[in-house]
Amino acid sequence: MFDFSWNMLTYFPPGVSTYSDALDDLFRLVYWISVAIFLLVQITLVVFIVKYRTRPGHKSIYHHGNNVVEFVWTLAPTLLFAGLGLYSDEMWKVVKYSSRLPLPDIEIDVVGQAFNWHARYPGADGILGKRHARYRTAQNLFGIDPTDPHGKDDIVLTGEFNLPVNKNVVVHLSSVDVLHSYFLPNFRIKQDAVPGSWIDVWFNGTKPGKYELACAELCGSGHYAMRGVLNLQSDKDFAEWMDAKIAAKKAVLAAEAASTSSETAVPSTAQQAAASSTAH
Amino acid sequence: MSSALSLAHEPVTGIRHGKLGMWIFLASEVMFFSGFFTAFIILRNSNLAVFAHGAAELNWPLAAVNTVNLIVSSLTMAMAILSLEHANKSRFQLYLGITFLCGLIFLIIKYFEYTAKFSHGIYPGTSSFFGLYFTMTGFHAMHVFAGMIPIGWILAKSFTKRGYHDWERVEILGLYWHFVDLVWIFLFPVLYLIF
Amino acid sequence: MSAASTYAEHADTLTHDAHSHVGHHSVSFIRKYIFSTDHKTIAKQFLTSSLFFLLVGGAFALFIRWQLAYPGEPIPIVGKWLPETFVSNGAVQPGFYTQLVTMHATIMIFFVIIPLATGAFANFCIPLMIGTDDMAMPTVNMISFWLVPVAGLTVMSGFFVEGGAAASGWTSYPPLSASGTGHMLWVIGIFLVGFSSILGGMNYLATVLNKRAKGMRMFDLPLTVWALFITSILQVLGTPVLASAAALLFVDQVFHAGIFIPENLLTPTGGLYPSGAHVGAGGGGQPVLFQHLFWFYSHPAVYIMILPVMGVVSDVLATFARKAIFGYKAMVFAIMAIAFLGFVVWGHHMFLSGMSPLLGTTFMLSTIVIAVPSSIKVFNWLGTIWKGNIHFTTPSLNALGFIATFVVGGLSGVFMAIGPIDVYIHDTYFIVAHIHYVLFGGALFGIFAGLYYWYPKMFGKMYNETLGKFHFALTFITFNLCFFPMHMIGVGGHMRRIHDPYVYEFLKPFQPINQFITVFAILMGLAQLLLVFNFLWSLKYGRPAPRNPWRANTLEWAAPAHPGHGNFDRDITVYRAPYEYASPESKRDYLPQWIRPPYIEKEKTVSVS
Amino acid sequence: MGAGLSAAEMQRNYVRVFGALMAFTLLTVIAAKLVHFPESWGDASTVLHVTIGIVIAIMKAWMVVYIFMHIKFDNPYLRVFIYVPLFLFCVLVFALTVLGGPTL
Ligand code: HEA
Ligand code: HEA
Ligand code: CUA
Ligand SMILES: [Cu+2]
C-alpha cells in the first residue's frame with residue numbers, strides 16, 4: 001500500500017545544508033549503537049524467558065548478585081555514554097555557540113506571528129535598520145527604529161523568502177506574540193522564536209530549490225498551518241530577485257513621499273507584506 | 001485501633017509523626033518560595049531599572065515595623081512552647097495570645113500597605129516587580145493567616161475546662177510559625193531594602 | 001487451565017485465614033467509603049478516579065488519532081453529538097484539536113499516571129509492605145485524595161467556558177497560556193493537584209521513616225517501597241516549584257504583570273498585551289523562565305511516574321522468577337541516583353528554547369549520565385530472571401513487557417539527550433513516540449503489572465488469569481504497532497501538536513502511516529475493555545483469594561486475604577531481607593520476611609507447578 | 001527538649017536570639033538606608049548593598065532555624081530538610097544566572 005520500512009534512517013527528508021550530513025551521521029551512529037543495545041537486551045530477555053521458564057523439576061538458584069558484574073555494567077555504559085556526549089558536544093557547539101557563528105554572507109531578521117513567518121531584508125543600503133521592541137506595532141512588526149535611516153529601505157516579506165545557495169546565512173530570530181519554532185527540516189535546523197529576545201540561527205544551503213519552513217512550537221489553533229517556503233537560489237537568481245524587491249521598495253517609498261507630506265515615517269510593513277507576499 | 005499490631009516501637013526515628021511531617025512540609029515550602037526568589041533574581045537582573053523604581057515605591061518603615069512584629073511573635077511562640085512544656089498555663093496563654101496578636105497586627109499592616117498601593121494606582125499588573133511583590137507577600141500573608149487559625153484554636157481550647165496540654169503539638173505549630181517569620185526575614189531586605 | 005491459575009491455587013499454606021476481616025467497626029457509609037482515612041480505601045479511590053480519567057484521556061487520544069488519520073472527516077459515533085464550537089460537521093476543529101492534545105496529556109500525566117503510581121500504589125503498598133496499620137497522617141492522606149478529583153474537574157471544566165479548555169499543550173508555555181479562562185482553570189487545577197502530590201509525598205516519607213515494623217531496617221524494604229520513598233522526595237521538593245510557576249503564571253493571566261510576558265507583545269487579534277504599556281521602558285518578562293521552573297518540576301515528574309513502577313516491576317519479577325533481586329543495593333542506589341540526577345537535567349527539554357548554549361552543553365552531559373542508573377536497573381532485572389524459575393502470570397508478563405518497551409523508550413531518550421540530534425528531533429513525533437514508550441509502555445505496563453499483582457489483596461478476589469493474559473498480549477502488540485511507527489514519521493520531520501499535517505508537502509506521504517497508527521490505537525483502546533471487564537467481573541465473580549496467592553515474601557501477604565482497617569491480624573516482626581526466594585534455609589522456594597528463624601518446616605511442602 | 005538545657009537556659013537562649021535578631025534588623029536597615037558608598041563605586045555599591053542585605057538575612061535565618069526551631073538541639077537528621085532544598089535552590093539559581101547568563 002505504501003512505502004514502509006522499519007529502518008528509521010530511510011525517513012530523513014533530503015538534507016541540503018552544510019551540516020545536515022554531519023547531523024545525519026551522528027543520528028546514524030546513535031541509531032546503530034541503540035540497535036545494538038536494543039538487540040542485546042531483547043535477545044537476552046527472550047533467551048532468559050525461554051531458558052528459565054518454569055517447568056516440572058526446574059528450580060531457581062539462590063543468588064543475590066555480584067559486585068564485579070555490577071561494577072562492569074555501571075562502568076561500560078558510563079564510558080559509552082560519556083564518550084557519546086563529549087563527541088556530540090562538538091556538533092552542538094557548531095550549531096549553537098555564538099562564538100562559532102561563521103562570518104555571515106547575508107543576515108536577515110525573521111519573526112513569527114501567529115500564524116505567519118515574516119522576514120526583513122536589509123534593502124538597498126545593505127544594512128538592517130536598528131530595531132527595538134518599544135517601536136513595535138501591528139504595522140511595524142520588527143520594531144524598526146523610525147529615526148534610523150538604515151531602516152527606511154528595509155524590505156519585509158511574509159511567508160516566502162529567497163536566499164542564496166552556498167552562503168552563510170544568519171537569521172536573527174524572534175517573535176511578536178507567542179513562542180514559535182523556526183523549523184527547516186531539510187536544513188536540519190530548528191530554533192524557538194522567543195518574544196523579547198533575538199536568537200541567532202545560521203545555516204548554509206547547498207542545493208537550490210524550494211523548501212518548506214514549518215512552525216514546530218504550539219502557538220495557537222493555527223499552529224498547524226504556520227507554513228512558509230524557503231526558496232534557495234543561485235547567486236544570480238537571488239541577486240535578480242533582490243534587485244526587483246529593492247526597486248519595488250524604492251517605488252513604494254517614492255510614492256509615499258510624493259503623496260504625503262505627513263509625519264508617518266515608519267515604514268508600513270503590512271503594506272509591503274501585502275505587496276510582496278506570495279505565500280498561501 | 002482494630003489492629004492486632006503492637007505499634008509501641010513507633011515512631012522509629014524517635015521523631016513524632018507530625019513533627020517529621022512538618023519538617024518535610026517545610027522543606028517543600030522552601031522550594032515553593034525558592035521558585036519565587038529565583039524568578040525575582042532573574043527578572044531583577046534583566047529589569048534593574050523597573051525593579052529599583054518599584055522598590056522605591058514601597059513603604060519600608062512599615063515593613064520594618066512588621067519585621068519587628070514577626071520577630072516578637074517568634075520569640076513569644078518559642079516561649080509559649082516552653083511554658084506549656086513546663087505546664088505554666090497562664091504564661092502559655094499570655095505568650096500564645098501575643099503571638100496571635102502579632103499575626104493579626106501583621107495582617108492589618110499588610111492591609112494598609114496594600115490599600116495604599118491600590119490608591120496610588122499600583123496593582124500586581126503594574127510591572128513585573130509589583131507582580132512578584134504582590135505574589136510573594138500575598139502568599140506570605142496567606143501563610144500568616146493559615147498559621148493563625150490553629151493558634152487561635154489552641155488558644156481558645158486552652159481556656160476551656162479541659163485545657164490544652166499537648167506541647168509537642170504546639171512545637172510543631174511553632175516550627176511552621178518560625179518558618180513564616182524566616183520567609184519574611186528574606187522578603188524584607190530583598191523587596192524593600194536592597195535597591 | 002493456565003499454569004498460573006494452578007500456581008495461585010496451590011498457593012499459600014503458611015498461614016491460614018482464620019478470619020479475614022479484622023475488626024469490622026460499624027462506621028457510617030460516608031466515613032467508610034467517601035471520607036475514609038483508611039489507606040486501602042484511599043488507594044482504591046485513587047485507583048477508581050484514575051481509571052475513570054484514563055478512559056477520558058484515552059477517548060481524547062482516539063479523537064486526536066482520528067483527526068490525524070482522516071483530517072476533516074467526522075468523528076465516528078460521537079462527532080455529531082459535539083457542539084459546533086468544537087467540531088465542524090463532526091470533524092475536529094483546529095482549536096479543539098489543541099485543547100484535546102492538552103487535556104489528553106494533562107489528564108494522563110496529572111490525573112492518571114501520577115495518581116496511580118504515587119496515589120494508588122503508594123497508599124496501598126506502603127503501610128502493608130512495611131507492616132503497619134495505616135499512614136502516619138491519615139487525615140492528610142484523605143485530603144490528598146480529595147484534591148485530585150476537585151482539581152481534575154477544575155481543569156476539565158475548561159471545556160464549558162468561553163474559549164474552551166487549556167490549549168497550549170500540557171507544558172502550557174506562556175505567552176500562549178497567559179490569557180483565556182481555560183488556561184486559568186488549568187493553572188488552578190494544577191496548583192491543587194500539586195498540593196495533593198506534596199501532601200501525599202510528605203505522608204509517605206513520614207510513614208516509611210517512622211512506621212516500619214519491628215526489626216525492619218531501611219535495607220529490608222522491598223524495592224517498591226524504596227522507589228516510592230525516593231519518589232516522595234521528588235514530589236516534596238519538585239512539586240512546589242511547579243506550584244510557584246503556576247502562581248506566577250496566574251498573576252500574568254489575571255493582571256498581565258509581565259513576569260513571563262515580554263514587553264510590547266501583540267495579541268493574536270493584533271492589539272498589544274496590556275503589560276506592554278507598563279513595562280515599556282525596561283524589557284519585561286522572560287518566557288524562558290517559566291520553562292525553567294516548569295521543567296525543574298516536570299523532569300523529576302517523569303521519574304515520579306516511572307520510579308514507583310520500576311519498584312513494582314522489581315517485586316513482581318522477583319516473586320515470579322522465584323529468585324532474589326540481583327543487586328538489591330545497586331537497585332536502591334540506582335533509584336537514588338536517578339532521583340538526584342533528575343534534578344539537574346531539566347534543561348534537556350529546552351535545548352531549543354533559546355537558553356544559553358553553555359547551559360545546553362551542561363544539560364546534555366548530565367542527561368546522558370542519567371541513562372546510566374537506568375541501565376543498571378535494566379541489567380539487574382535481567383540478572384534477576386537469570387537462572388530463575390519464571391512463572392508466566394499476568395503480572396509477570398506485564399513486568400517483562402515493561403522491560404522490553406522501557407528499553408525502547410529509554411534509548412529514544414538518549415537520542416534526544418544529544419543536543420544536536422534534538423535540534424532536528426525536538427517537537428516531532430519522535431518525542432511523541434518516546435513519551436508513549438516510557439509512559440504507556442513503561443509506566444502503564446508496570447501499573448498493570450502491579451494492579452494484577454495486588455488485585456487479590458486489594459479486593460480479596462482473584463482476577464481472571466486468561467482474560468488478563470489476553471489483555472496483556474493484545475495491548476503489547478497493538479501498543480508497539482501503534483507507537484513504534486511514530487519514530488519513523490518523527491525522523492521524517494512530522495511535527496507534534498499539529499491539527500492537519502497534510503498542509504505540508506513533505507508530510508503528505510505519511511498519511512498511510514498515520515492511518516496505520518490510528519487503526520492500532522483504536523484496537524489498543526478496545527483491548528483496554530478487557531481490563532475493565534476483568535476488573536469489574538472479578539470483583540463480583542472472582543475466586544476468593546488466598547492470603548498469599550503468589551507465595552511472596554513481602555509483608556503485605558502476611559495480612560488477611562482482604563485486610564480490614566488496621567491491616568494485620570497478628571503482630572509483625574521482620575527477620576530478613578525481602579527477597580529470600582529459593583533460600584537454602586527453607587525447603588520451599590520462598591521465605592517470607594515475617595517468619596521467625598530458625599525456620600521450621602511446619603507443613604508438608606507444596607509442589608510447585 | 002533542648003539537649004538537656006533547663007527551661008531557664010532555654011529562655012535565656014531565646015531572649016538572646018531575639019535581641020540579636022532585633023539588632024540585625026536595625027543593622028540591615030541602617031546599611032541599606034543610611035550607608036552610602038561613594039558615587040565612583042558605581043555598580044559595585046549596589047552589589048555591596050545586596051550582599052550585605054543577604055548576608056544579614058542569612059545570619060538571621062540561621063539563628064531562627066538553629067535556636068527557635070531547635071535544629072541545634074534536635075535530631076541531627078532533621079538538618080536534611082533545610083540543606084537539601086537549599087542546595088536545590090542554589091542549583092537552580094546557579095544554572096540560570098552563572099551558566100545561563102542573560103539568555104537564561
Ligand atoms: C516516565 C517518563 C519518562 C522517562 C522515564 C524518561 C526518560 C528519559 N528521557 Fe524523556 N520525556 C518524557 C518522559 C520520560 N522520559 C516526556 C513525557 C517527555 C516529553 C515532554 C514534552 O515535551 O511534552 C520527554 C522528553 C524528553 C526529552 C526532550 C525532548 C524534546 O522535547 O526535545 C529528552 C531529551 O533529552 C528526554 C530524555 C530522556 C532520557 C535520556 C531518559 C532516560 O532516563 C532514559 C534511560 C533509559 C535507558 C537509556 C534505557 C535502558 C538502558 C539500557 C538498555 C542499557 C544501555 C546499555 C548500554 C549503554 C551498554 N526525554
Ligand atoms: C500516560 C500517559 C499517556 C498515555 C497512556 C497516552 C495514551 C495515548 N496517547 Fe498520548 N500523550 C501523552 C501521554 C499519554 N498518552 C503526552 C504527555 C502527550 C504530549 C501532549 C502534548 O503535546 O502536550 C501525548 C500526546 C499524544 C499524541 C500527539 C498529539 C500531538 O502532538 O498532536 C498522540 C497522537 O497520536 C497521542 C496518542 C495516544 C494514544 C493513541 C494513546 C492510547 O494508548 C490510548 C489508549 C487508551 C484508551 C483508549 C483508554 C483505555 C482505558 C480504559 C478502557 C480504562 C480502563 C478502566 C478500568 C479498568 C476501570 N498522544
Ligand atoms: Cu507558530 Cu506554531
Ligand atoms: Cu526530561
Side-chain angles (χ1 to χ4, degrees), chain A residues 1-2 8 11-13 23 26-27 30 34 38 41-42 44-45 48 52-54 58-62 64-65 70 73-74 77-78 81 85 88-89 91-92 95-97 114 133-134 136 138 176-179 181 185 188 190-192 194-197 199 212 214 216 218 220-221 224-225 227, chain C residues 94-95 98 169 173 175-176 262-266 268 270 280 287 322-324 326-327 330 352-354 357 361 365 368 371-372 375-376 379 382 385-391 407 411 415 418-421 423-424 426-427 487-488 491-493 495 497-500 503-504 506 512 582-584:
Chain A
M1 186 171 71
F2 53 93
M8 286 174 211
Y11 285 81
F12 277 114
L23 194 138
L26 186 59
F27 190 96
V30 181
S34 297
F38 172 79
V41 174
Q42 307 291 6
T44 318
L45 190 63
F48 283 4
Y52 304 118
R53 70 186 184 282
T54 184
H58 182 71
K59 281 215 171 71
S60 55
I61 62 164
Y62 182 65
H64 280 280
E70 213 69 61
W73 69 39
T74 307
T78 311
F81 285 142
S88 26
D89 190 41
M91 177 91 201
W92 172 251
V95 181
K96 288 284 162 190
Y97 273 46
R134 67 172 157 272
R136 179 158 55 227
V176 302
D177 42 26
V178 295
L179 297 170
S181 193
R188 310 283 187 268
K190 188 184 289 136
Q191 172 60 55
D192 283 8
V194 183
S197 51
I199 298 164
E212 286 181 295
L218 180 58
S221 54
Y224 74 101
R227 177 177 173 272
Chain C
T98 51
Y173 287 173
L176 185 58
E263 65 174 320
N264 241 17
L265 280 197
L266 300 181
R322 316 306 296 162
K323 188 159 162 285
F326 195 98
L352 303 178
S353 66
T361 298
L365 294 174
I368 288 177
V372 173
S375 318
I376 298 177
F379 293 138
L382 292 179
I385 61 172
W386 167 75
K387 294 208 168 178
N389 182 16
I390 312 167
H391 295 259
V407 167
L411 288 173
F415 280 79
I418 294 172
I421 294 184
V423 168
Y424 178 63
H426 176 66
D427 273 341
H487 291 107
M488 329 243 141
V491 174
M495 288 81 72
R497 297 166 173 174
I498 49 176
H499 163 256
D500 181 0
V503 166
Y504 291 91
F506 77 109
S583 160

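Proteins come first, then strands; the chains are lettered A, B, ... in the order of their sequence lines, and each starts at number 1.
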Checklist outcome for this item: Answer key: most heavy-atom pairs under 4.5 Å with chain A among C/Ile390, C/Leu411, C/Ile498, C/Val503 is C/Ile390

Item to check | Heavy-atom pair with the smallest gap, counting every atom of C/Val372 and A/Thr74 | outcome: CG1-O, 3.8 Å

Item to check | C/Tyr173 OH to A/Asp192 CG distance, which is reported to the nearest 0.5 Å | outcome: 7.5 Å

Item to check | C/Val407, part contacting chain A, at a heavy-atom distance under 4.5 Å | outcome: side chain

Checklist entry - Please walk me through it: do C/Val423 and A/Gln191 pass side-chain contact (heavy atoms from CB on, under 4.5 Å)? => result CA-CA 7 Å; C/Val423 168; A/Gln191 172 60 55; over 6 Å; no

Checklist entry - Closest heavy-atom contact between C/Glu263 and A/Arg136? => result O-NH2, 3.6 Å

Checklist entry - When only pairs under 4.5 Å are counted, which of C/Ala371, C/Ser583, C/Gly419 shares the most heavy-atom pairs with chain A? => result C/Ser583

Checklist entry - Measuring heavy-atom distances to chain A, does C/Thr361 have an atom under 4.5 Å in its side chain, in its backbone, in both, or in neither? => result both

Checklist entry - Any sub-3.5 Å donor-acceptor pair from C/Trp386's side-chain atoms to A/Tyr52's backbone N or O? => result no

Next on the checklist: Show the nearest heavy-atom pair for residues C/Phe415 and A/Ser34, with the distance to one decimal.
Outcome noted: CE1-OG, 3.3 Å

Checklist outcome for this item: Pair count under 4.5 Å, heavy atoms only, with chain A: among C/Asp427, C/Ile368, C/Val491, C/Ile418, highest is C/Val491

Checklist entry - What option among A/Arg53, A/Lys59, A/His58 has the most heavy-atom pairs under 4.5 Å with chain C? => result A/His58

Checklist entry - Using the ring of each side chain (for Trp, its six-membered ring), is C/His499 parallel, tilted or perpendicular to A/Tyr224, with breaks at 30° and 60°? => result perpendicular

Checklist outcome for this item: Okay, A/Ser197 and chain C: the region with an atom under 4.5 Å from a heavy atom over there is neither

Next on the checklist: Using a 4.5 angstrom heavy-atom cutoff, name the option from A/Ser181, A/Ser88, A/Gly220 with the most pairs to chain C.
Outcome noted: A/Ser88

Checklist outcome for this item: Separation between NZ (C/Lys323) and OH (A/Tyr62), nearest 0.5 Å, reads 11.5 Å

Next on the checklist: Counting heavy-atom pairs closer than 4.5 Å to chain A, which one of C/Ala330, C/Ala324, C/Gly354 comes out on top?
Outcome noted: C/Ala324

Checklist outcome for this item: Heavy-atom closest pair (A/Leu26 atom, C/Pro420 atom, distance to 0.1 Å) is CD2-CG, 3.7 Å

Item to check | Region of A/Leu218 that comes under 4.5 Å of a non-hydrogen atom in chain C | outcome: both

Checklist entry - Do A/Val178 and C/Leu265 come within less than 4.5 Å of each other through their side chains, counting heavy atoms only? => result no

Item to check | Contacts of A/Glu70 that satisfy salt bridge (Lys or Arg N to Asp or Glu O under 4.0 Å) - sequence neighbours left out | outcome: none

Item to check | Considering all heavy atoms, the nearest C/Leu266-A/Asp177 contact | outcome: O-CB, 3.0 Å

Checklist entry - Has the side chain of A/Lys190 got a donor or acceptor atom that lies under 3.5 Å from a matching backbone atom of C/His426? => result yes

Checklist outcome for this item: Honestly, the part of A/Val176 sitting under 4.5 Å from a heavy atom of chain C is both

Checklist outcome for this item: So OG1 of A/Thr44 and CD1 of C/Ile385: to nearest 0.5 Å the spacing works out to 9.0 Å

Checklist entry - Which atom pair, heavy atoms only, marks the closest approach of A/Ser60 to C/Ala582? => result OG-CB, 3.5 Å

Checklist entry - Stepwise, does the side-chain contact (heavy atoms from CB on, under 4.5 Å) test hold for C/Asn389 with A/Thr54? => result CA-CA 5 Å; C/Asn389 182 16; A/Thr54 184; 3.0 Å; yes

Item to check | Portion of C/Leu382 that has a non-hydrogen atom of chain A nearer than 4.5 angstrom | outcome: both

Checklist entry - Taking C/Gly388, C/Ser353, C/Pro584 one by one, which has the highest count of heavy-atom pairs under 4.5 Å against chain A? => result C/Gly388

Item to check | Spatial distance of atom CG (C/Leu352) from atom CG (A/Leu179) [nearest 0.5 Å] | outcome: 12.0 Å

Checklist entry - Picking from A/Trp73, A/Phe81, A/Phe27, A/Phe12, which has the most non-hydrogen pairs under 4.5 angstrom with chain C? => result A/Trp73

Item to check | Atom group of C/Ser375 that falls short of 4.5 Å from chain A, counting heavy atoms | outcome: side chain

